[in-house]
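Note on naming: letters A, B, ... go to the chains in the order of the sequence lines (proteins, then strands), and numbering restarts at 1 for each one.
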Protein chains: 2
Amino acid sequence: MRISTKGRYALRVMLYLAEHYTLGHIAVKVIAEEESLSPKYIEQIMSKLTKAGLVIAVRGANGGYRLANSPSNYSVAQIIKVTENNEDFSPCAPAGGTPCPRYKKCISSDVWQLVQSTIEELLDNLTLTDLLRMQQDKLGTPSLYLTYLSHLNKK
Amino acid sequence: MRISTKGRYALRVMLYLAEHYTLGHIAVKVIAEEESLSPKYIEQIMSKLTKAGLVIAVRGANGGYRLANSPSNYSVAQIIKVTENNEDFSPCAPAGGTPCPRYKKCISSDVWQLVQSTIEELLDNLTLTDLLRMQQDKLGTPSLYLTYLSHLNKK
DNA sequence: AAATAATCCCAGTGCAATAGTAGGAAAAAG
DNA sequence: CTTTTTCCTACTATTGCACTGGGATTATTT
């Protein structure tokens with residue numbers, strides 16, 4: 001059960017595309033440079049995002065990538081699901097494999113399912129525009145950002 | 001950001017000890033047999049649980065392990081924290097390492113912190129007795145188990 | 001038409017962590 | 001003093017992650 005660099009980098013790239021949404025296509029070379037990431041690695045991630053229809057690729061000189069929809073249409077969950085090999089979430093009953101023999105009576109599997117669904121619910125309701133707003137607030141006057149932080153510090 | 005077999009097995013072992021709380025000490029050999037886990041691997045996990053004070057070990061013949069406190073005193077979060085190498089949670093600013101240079105301005109790091117704190121809060125409030133109750137309800141008459149499942153299916 | 005600039009595709013590689021194995025020393029009980 | 005347990009340390013094999021590299025394809029520019 002994990003979130004790796006693939007998903008994390010994907011979010012950063014999508015945020016970058018959202019920030020520069022009006023500029024049209026942006027090449028991997030530029031994104032990787034700006035975000036200090038390996039261009040070839042980002043290429044692979046873009047491939048997944050393209051195949052899933054989250055971004056639109058334009059080949060050839062002056063080509064690049066752009067969001068397929070406006071930033072408000074993307075949830076963090078969506079981005080993670082597409083880029084991550086999320087097979088090992090809910091490890092007791094993997095998607096393509098045979099479930100653990102004690103799956104039915106073992107209660108611990110429900111804990112991991114609960115964890116997964118909780119994360120999903122959280123990230124489902126977090127869009128790129130939410131994050132852009134948070135970013136503005138983080139740098140400038142805090143408002144929404146503090147809302148999230150207060151939830152974070154509630155414990 | 002991951003939960004591995006160490007943490008998951010540890011929870012199963014702790015649940016087993018909680019179920020047989022009244023029996024006194026139970027040997028690794030028995031637990032491993034009952035839970036279909038590698039005895040030598042469980043030994044290592046028990047070592048962590050012992051050092052953290054969650055269980056009490058009795059060496060020698062007729063020895064074994066027992067919970068240090070009653071099951072209601074253990075949260076899932078506690079068990080995971082002790083057994084898991086939780087360094088790679090919040091990957092942007094690791095505990096012992098240097099934080100990512102863009103940590104201050106990059107908003108995506110806040111997403112992962114939010115994920116982490118959400119999981120922590122969830123698992124902090126989930127005790128072994130909660131799970132035992134869920135297990136009874138799962139097999140017999142459902143009550144609390146359905147409460148959790150409804151939350152799970154809410155989305 | 002040719003050169004250039006980009007995505008696409010597939011293969012390989014180094015490293016680190018996971019998931020165990022293995023062997024024996026120390027301690028307690030019978 | 002033999003047996004049964006935990007304790008401790010080291011070793012290992014596999015897996016998956018995090019890239020790197022080389023070209024083929026597509027489109028623009030000159």
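Here B:Y9 pairs with nothing under the side chain to side chain donor-acceptor pair (under 3.5 Å) rule; sequence neighbours left out. Take B:T127 and apply the side chain to side chain donor-acceptor pair (under 3.5 Å) test, not counting sequence neighbours, and it matches B:T129, B:D130.
Look at NE2 on A:H25: it is 12 Å from C1' on D:dT28, rounded to the nearest Å. Look at CZ on A:R66: it is 15 Å from C1' on C:dT7, rounded to the nearest Å. In this structure, A:K29 atom NZ and C:dT7 atom P are separated by 10 Å, rounded to whole Å. One atom, NZ of A:K48, and another, P of C:dC9, lie 14 Å apart when rounded to the nearest Å. Put simply, NZ on A:K51 is 12 Å from C1' on C:dT7, counting in whole angstrom units. Computed from coordinates, the A:R8 CZ to D:dC17 C1' distance equals 11 Å when rounded to whole Å. Between A:E84 atom CD and D:dC17 atom C1' there is a gap of 10 Å when expressed in whole angstrom units. For the pair B:M46 CE and D:dC8 P, the interatomic distance rounds to 14 Å; values are reported in whole Å.
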Report summary line: Whether each nucleotide of nucleotides 23-30 of chain C has a protein heavy atom under 4.0 Å at its base (B), only at its sugar-phosphate (S) or at neither (-) is summarised, 5' to 3', as BB-BBBS-
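Proximity of a side-chain donor or acceptor of B:K51 to a complementary backbone N or O of B:V82 within less than 3.5 Å is not detected. A side-chain donor-acceptor contact under 3.5 Å links B:E84 to the backbone of B:S4. At least one donor-acceptor pair closer than 3.5 Å links the side chain of B:Y74 to the backbone N or O of B:N69.
Residue B:G64 is the one, among B:G64 and A:T5, whose nearest nucleotide of DNA chain D lies closer to the 5' end (criterion: closest heavy atom).
When the nucleotides D:dC19, C:dT21, D:dT5 are ranked by their closest atom to the side chain of B:Q44, C:dT21 comes out on top. Distances from the side chain of B:S38 to the nucleotides C:dT7, D:dC19, C:dT21 place C:dT21 closest.
Under 4.0 angstrom from either OP1 or OP2 of C:dA17 there lies no side-chain N or O belonging to B:S4. For A:Y41 and D:dC17, the shortest distance from a side-chain N or O to OP1 or OP2 is not below 4.0 Å. Taking side-chain N and O atoms only, B:Y65 has no distance below 4.0 Å to OP1 or OP2 of D:dT5.
Counting only heavy atoms from C-beta outward, the side chains of A:Y41 and A:K6 approach each other to under 4.5 Å.
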Requested in this report: Apply side-chain contact (heavy atoms from CB on, under 4.5 Å) to A:L123 and B:V111, showing your working.
Outcome: CA-CA 9 Å; A:L123 298 186; B:V111 174; 4.0 Å; yes
